[in-house]
Amino acid sequence: MVKLLIIAISAALVNNVVLSRFLGLCPFLGVSKQIKTAAGMGAAVIAVVTVSSAICSLIYDAVLVPLDLVYLNTIVFILVIAALVQFVEMVLKKNSPSLYEALGVYLPLITTNCCVLGTALTNVQDNYNFIEAVVNGIGTSVGFLIAIVIMAGIREKIEYNDIPESFKGMPIVLLTAGLMSIAFFGFSGIL
Amino acid sequence: MSKASERIYNGIIKENPTLVLTLGMCPTLAVTTSAINGIGMGLSSLVVLALSNALISALRKFIPDGVRMPAYIVVVASLVTVVQFLMQAYTPSIYASLGIYIPLIVVNCIILGRAEAYASKNAIYPSFFDGIGMGLGFTAALTLLGAVRELIGSGTILSDGSKALVQIPEAVYSPASIFVLAPGAFIVLAFFIAIMNRIKRKHGMKPAEVPDYISEEKEEA
């Protein structure tokens, strides 16, 4: 139990997926203009990362290891993720149109979000069992949600600031991320 | 200018993937803790880019439009697995320090972006050189970023652990190690892009925009 808690906290805060492992930067920069869309993206990531961690961990233990095909893990995982995203999209569209309305635009973007594949690969690298892999998936994606919502909040305020001409756009966003990353260093003390 | 050298010039200068198009940010920031890592990541991406561009261009008439994305991903993932094996065998130390970011080349947006934007519409020969050009541009940007971070963060350039190309003695400059840690990556890249923006503004070009996926999606729909 303690080990699961440590995995979750370390994935969400100490080794934050965006701010210290640099995974999922594209949506972090591309969908963080408003808090509302950022939160939607975060929610979609939580759903996909958690489910894909579980399925990839199952496939790895039940298929790849017994058949001695471990070296194929990158190919298998990315296909599973792509199929899963497509599947989630279809299920949402059919069963809950309102949720689809809210998350639909984010789903295609998630396939090439490296934090999904990154989490699946980390689970394998660190030899997590099924439950640990799911907990790591939840922790990682909650960390993503925290980071992207804070970023969106700051960017909404930055709009009104007087920024040097050359720093407008991308540079100021990256500088903000750098400062957030320094702040997240503070969490490394809690473990 | 021949087609090949035009594509290479385009990749390194005009449409530099990192500094102009701001694509593929994850590996850019994650691995550039030293110049050596930057070169390693850049060259392995270059190999994958050139070969995947050539393969996808060769297959472009056979891949049905509806399933082209999954098809591209399979091609890229297979190539990445091959590169992973080669690096494991011949450059184990770089392979170890790049770690998880090697398999993550699969989801590098530069590769799928070039497959979609260039290789799927052009012949094999220019596509191959487009991959080489983009790869060289990526390598150049990563090496530069890595060298700057290494210089500020550990006071060396191109160090391999024991000896280095340039080494500032501790007495002259005490390294600010935050620059080889996560925050330094964001800060150094921010200044790089700010400098590029200034140069571009002088030549009357548009500065680098933050990509905005959601509004683009809506325009398409």
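Just so it is clear, the structure is predicted and the values come from calculations on it, not from any experiment. Every chain is numbered from 1 and lettered A, B, ... according to where its sequence line falls, protein lines coming before strand lines.
- For A:Phe185, the part lying near chain B is the side chain, with the backbone staying farther off; criterion is any non-hydrogen pair under 4.5 Å.
- Counting only heavy atoms from C-beta outward, the side chains of B:Asn197 and A:Phe167 never approach each other to under 4.5 Å.
- Closest approach of A:Leu174 and B:Ala190 over heavy atoms only: CB-CB, 3.7 Å.
- The heavy-atom pair separating B:Cys26 from A:Leu25 by the smallest distance is SG-N, 3.6 Å.
- Interface summary for chain A: among B:Pro70, B:Pro183, B:Gly184, the most heavy-atom pairs under 4.5 angstrom belong to B:Pro183.
- Enclosure of atom CZ in A:Phe87 is not indicated, since only 12 or fewer non-hydrogen atoms of other residues, nucleotides or ligands lie within 6.0 angstrom.
- Looking only at heavy-atom pairs under 4.5 Å with chain A, the residue among B:Leu29, B:Thr28, B:Val80, B:Asn108 that has the most is B:Leu29.
- Contacts between B:Phe192 and chain A at a heavy-atom distance below 4.5 Å are absent for every atom of the residue.
- Residues A:Leu29 and B:Met25 come closest through the heavy atom pair CD1-CG, 4.2 Å.
- Sparse packing is recorded around NZ of B:Lys202, with 12 or fewer heavy atoms of other residues, nucleotides or ligands lying under 6.0 Å away.
- More than 12 non-hydrogen atoms from other residues, nucleotides or ligands lie less than 6.0 angstrom from CG of A:Leu69.
- Using a 4.5 Å heavy-atom cutoff, the side chains of A:Ile75 and B:Thr81 are in contact.
- Atom CD1 of residue B:Ile102 and atom OG1 of residue A:Thr74 lie 10.5 Å apart, to the nearest 0.5 angstrom.
- Checked against the 6.0 Å centroid criterion, the rings of B:Tyr101 and A:Phe22 do not qualify as a close aromatic pair.
- Counting only heavy atoms from C-beta outward, the side chains of B:Phe191 and A:Pro171 never approach each other to under 4.5 Å.
- Taking all atoms of both residues into account, the shortest heavy-atom contact from A:Gly118 to B:Leu104 is N-CD2, 3.7 Å.
- For chain B, the nearby parts of A:Leu117 are the backbone and the side chain; heavy atoms of each come within less than 4.5 Å.
- Looking at heavy atoms from C-beta onward, A:Ile182 lies out of side-chain contact with B:Leu181 at the 4.5 angstrom threshold.
- For the pair B:Ile195 and A:Ser166, the minimum side-chain heavy-atom distance is 4.5 Å or more.
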Do A:Thr122 and B:Ile100 pass the side-chain contact (heavy atoms from CB on, under 4.5 Å) test, and can you show the C-alpha distance, the side-chain angles, and the key distance before you say yes or no?
CA-CA 8 Å; A:Thr122 316; B:Ile100 194 175; 3.4 Å; yes
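- Nearest heavy atom pair, residue B:Ala182 against residue A:Leu19, reads CB-O, 3.3 Å.
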